[in-house]
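Before any comments, here is the structure.
In the text below, chain A, chain B and the rest are named by the order of the sequence lines, each starting its count at 1.
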There are 2 protein chains.
Amino acid sequence: MATERNDETVGTGTLGKAMAVLETVALADRPMRFTDVLAISGQPRGTLHRQMSHLVHEGLLELRADHVYVPGLRLLKLASASWARSEFRAVAAPFLEALHGETGETVHLGVLRGREIIYLDKVESRQAVRMNSQIGNASPVYCTGVGKAALSTLDPAALDVILSGIEFQRFTPQTIVDRATLLGELEAVRRSGVAFDREEHEPGIRCVAAPVCDAARSLVAGVSVTGPAYRVGQEKLDAWVPLVRRAADAIKSELDARLGPQR
Amino acid sequence: MATERNDETVGTGTLGKAMAVLETVALADRPMRFTDVLAISGQPRGTLHRQMSHLVHEGLLELRADHVYVPGLRLLKLASASWARSEFRAVAAPFLEALHGETGETVHLGVLRGREIIYLDKVESRQAVRMNSQIGNASPVYCTGVGKAALSTLDPAALDVILSGIEFQRFTPQTIVDRATLLGELEAVRRSGVAFDREEHEPGIRCVAAPVCDAARSLVAGVSVTGPAYRVGQEKLDAWVPLVRRAADAIKSELDARLGPQR
DNA sequence: AACTCAGTTCCAAATAATGGAACAAAAAGG
DNA sequence: CCTTTTTGTTCCATTATTTGGAACTGAGTT
């Protein structure tokens, strides 16, 4: 059953270890002191200390006066440049705007990366929530509309690789927490062409999503319209279905058109 | 003493080289093929190839089917996490909102990093420009309001380290392109407490900025209000001076108050 | 003063990166 | 169609870097 080697644990030599440490600090939800990282990483003191010094030196981490490590500004700079140059995002942007115009609710564009969905763009009217809150965010595939939409486009082999690595976690009473249910749900998504998130990730948040992927299946993504449950009932989600599907298809066409001629 | 060591040329072993390659790809303004990077980096083919393979393996770069390297999504994920957890940004946010409310124009928060200003946050009403366009962006210190404000807080030694490394580049007719003029300007900024950008970086764009730095001078930043020249004359900039200064001072106080007790 | 704990430095041994050259696959050119 | 050139990939003995245990520092306790 072609159980692909789980390369994630291998680590690409020095770089892999450095990234593991960086991620430990960057994704932690509290400021990390040296000892905190030490406990998590399990590396010898001397080794870890040098690794972190290197990260600081490179501007990927910052060591504040009180011995607290925080993510460095170089990360922001690199990510900003990469975001600005993302061709996919640029292609999709006008369709996201249009979809937002039609629905009046928040529109997301997310891409599959490993077992996560990473949000590439967002369009929303209300500035109430701090801008930027979603972009670059990573969420699990199995409990987001975009995630399920993306998964629905994969062939069984690719799907198996992802699914076998998932550790289901319950976020709400509606969260799907077993593989069988998820597979059933994906079958439904394949038939209907859209995926719903009925408060499976965050209580009070619902969405409809449709899959977007390029011909080579090298880019697997999804578009969604999201709204608060008190305002968005099933009828509204159903009403959005054709809109979301149309937006997703339009992005896909535009993508194929742009990528085709290059060759 | 301990003047910051200018190790930038040394490179932190393996990690430094990897980051140099990553930055080459991420900051380029066109998609890069292997050979393009090869020419720039000057490394042997075999070496560079392996380095880039490692970067791809780690998700920092992505190798598309047509042999084009693009920045990887992991960068976005890391940067998003770091942005969300930036304490400084969180402290400043409400004051930026207030300043935007008072002026009606775009407000920026930028931090000094090396010889660049990196924008940490932005508040603007009009959605016309794609959101996110500024955040994480890097601009030169010498031709931005925030940059000159930040520089004005530095002591002569620290300032000298930065200035001696600058390669002035002319962006507009008003851009400051020599050290002497810049030093004079900084003196004026120190006296008045605010820095102006009179279309020095982008034609048609003006701003007023005030410096923000913490007591230990480990964080050097600035706040600015920016507007288009056709709408923003010198009188308007002058009118904003007290507002910007007040916002900057308020952020500084809040910062000291929060960082003080921790100790 | 003695003790602890967090952070930092050191250096022989283990490991990973280097880079030149050979190989493979595509384009370009005749 | 075959040759040449360009581009991308792999190999492996040599070289440089990382490793990790232990020893050192220095601030905060008891």
Side-chain angles (χ1 to χ4, degrees), chain A residues 5 7-25 28 30-58 60-70 216 218 259-263, chain B residues 1-2 4-5 7-25 28 30-58 60-70 72 216 218 259-263:
Chain A
R5 193 192 306 275
D7 286 330
E8 284 189 51
T9 51
V10 173
T12 317
T14 311
L15 181 61
K17 293 165 200 162
M19 291 306 297
V21 172
L22 177 57
E23 200 154 275
T24 301
V25 176
R30 66 204 156 92
M32 299 285 270
R33 288 200 326 292
F34 177 77
T35 323
D36 300 323
V37 183
L38 184 62
I40 294 175
S41 77
Q43 303 214 51
R45 302 159 78 86
T47 302
L48 182 67
H49 189 264
R50 188 178 25 72
Q51 286 174 339
M52 294 185 79
S53 300
H54 286 174
L55 287 168
V56 168
H57 185 93
E58 287 299 323
L60 299 173
L61 282 183
E62 204 172 308
L63 175 53
R64 293 194 327 203
D66 50 350
H67 293 278
V68 169
Y69 287 89
V70 295
S218 64
L259 296 183
Q262 282 190 359
R263 191 133 263 292
Chain B
M1 291 290 289
E4 312 198 334
R5 43 204 175 265
D7 287 332
E8 283 188 54
T9 49
V10 174
T12 318
T14 310
L15 181 62
K17 292 164 201 163
M19 289 307 297
V21 172
L22 177 57
E23 199 154 276
T24 301
V25 176
R30 65 203 157 92
M32 298 286 269
R33 289 199 323 293
F34 177 76
T35 322
D36 300 324
V37 183
L38 183 62
I40 294 176
S41 77
Q43 304 212 53
R45 298 156 80 86
T47 303
L48 181 66
H49 189 266
R50 187 178 22 73
Q51 286 174 340
M52 295 185 77
S53 301
H54 286 173
L55 287 168
V56 168
H57 186 93
E58 287 299 323
L60 299 174
L61 282 183
E62 204 172 308
L63 175 54
R64 294 194 326 203
D66 50 349
H67 292 279
V68 169
Y69 288 88
V70 295
S218 65
L259 296 183
Q262 281 190 359
R263 190 137 264 294

key: Nucleotide C/dG20, atom P - distance to CG of B/Leu38 in whole Å   = 12 Å
ask   = Atom CE of B/Met19 to atom C1' of C/dA17: distance rounded to whole Å?
value = 18 Å
task = Calculate, to the nearest 0.5 Å, the distance between atoms CG and NZ belonging to A/Leu15 and B/Lys17 respectively.
result = 12.5 Å
remark   = Expected list for residues 39-48 of chain A near DNA chain D, using heavy atoms below 4.0 Å, is A/Pro44, A/Gly46, A/Thr47
ask   = Tell me: NE2 of A/His57 to P of C/dT8, nearest whole Å?
value = 16 Å
C/dG7 OP1/OP2 closer than 4.0 Å to side-chain N/O of A/His49 = no
Donor-acceptor under 3.5 Å (A/Thr47 side chain, A/Gln43 main chain) = no
key: Distance in angstrom units between A/Arg50 CZ and C/dG7 P, rounded   = 18 Å
inquiry  = Counting only side-chain nitrogens and oxygens, does A/Thr35 get under 4.0 Å of the OP1 or OP2 atom of C/dG7?
reply    = yes
task = Output the distance between atom CG (B/Leu55) and atom CE (B/Met52), rounded to the nearest 0.5 Å.
result = 7.0 Å
request  = Verify whether the ring centers belonging to B/Phe34 and B/His49 lie closer than 6.0 Å.
outcome  = yes
Side chains of B/Ile40 and B/Met32 in contact at under 4.5 Å (non-hydrogen atoms) = yes
task = Measure from NE2 on A/His54 to C1' on C/dT8 and round the result to the nearest Å.
result = 14 Å
key: Phosphate-side-chain proximity, A/Thr14 and C/dA17, N/O vs OP1/OP2 below 4.0 Å   = yes
query = B/Gln51 has an atom CD; how far is it from atom P of D/dT17, in whole Å?
reply = 13 Å
task = Specify the separation, in whole Å, of atom NE2 of A/His67 and atom P of C/dC5.
result = 17 Å
inquiry  = Rounded to the nearest 0.5 Å, what separates atom CD in B/Glu58 from atom CE in A/Met19?
reply    = 6.5 Å
remark   = Separation of D/dT19 atom C1' from A/Met52 atom CE, nearest Å, is 17 Å
inquiry  = With side chain to side chain contact (heavy atoms under 4.5 Å, CB included) as the test, pick out the partner of B/Leu60 among B/Val21, B/Val25, B/Leu22.
reply    = B/Leu22
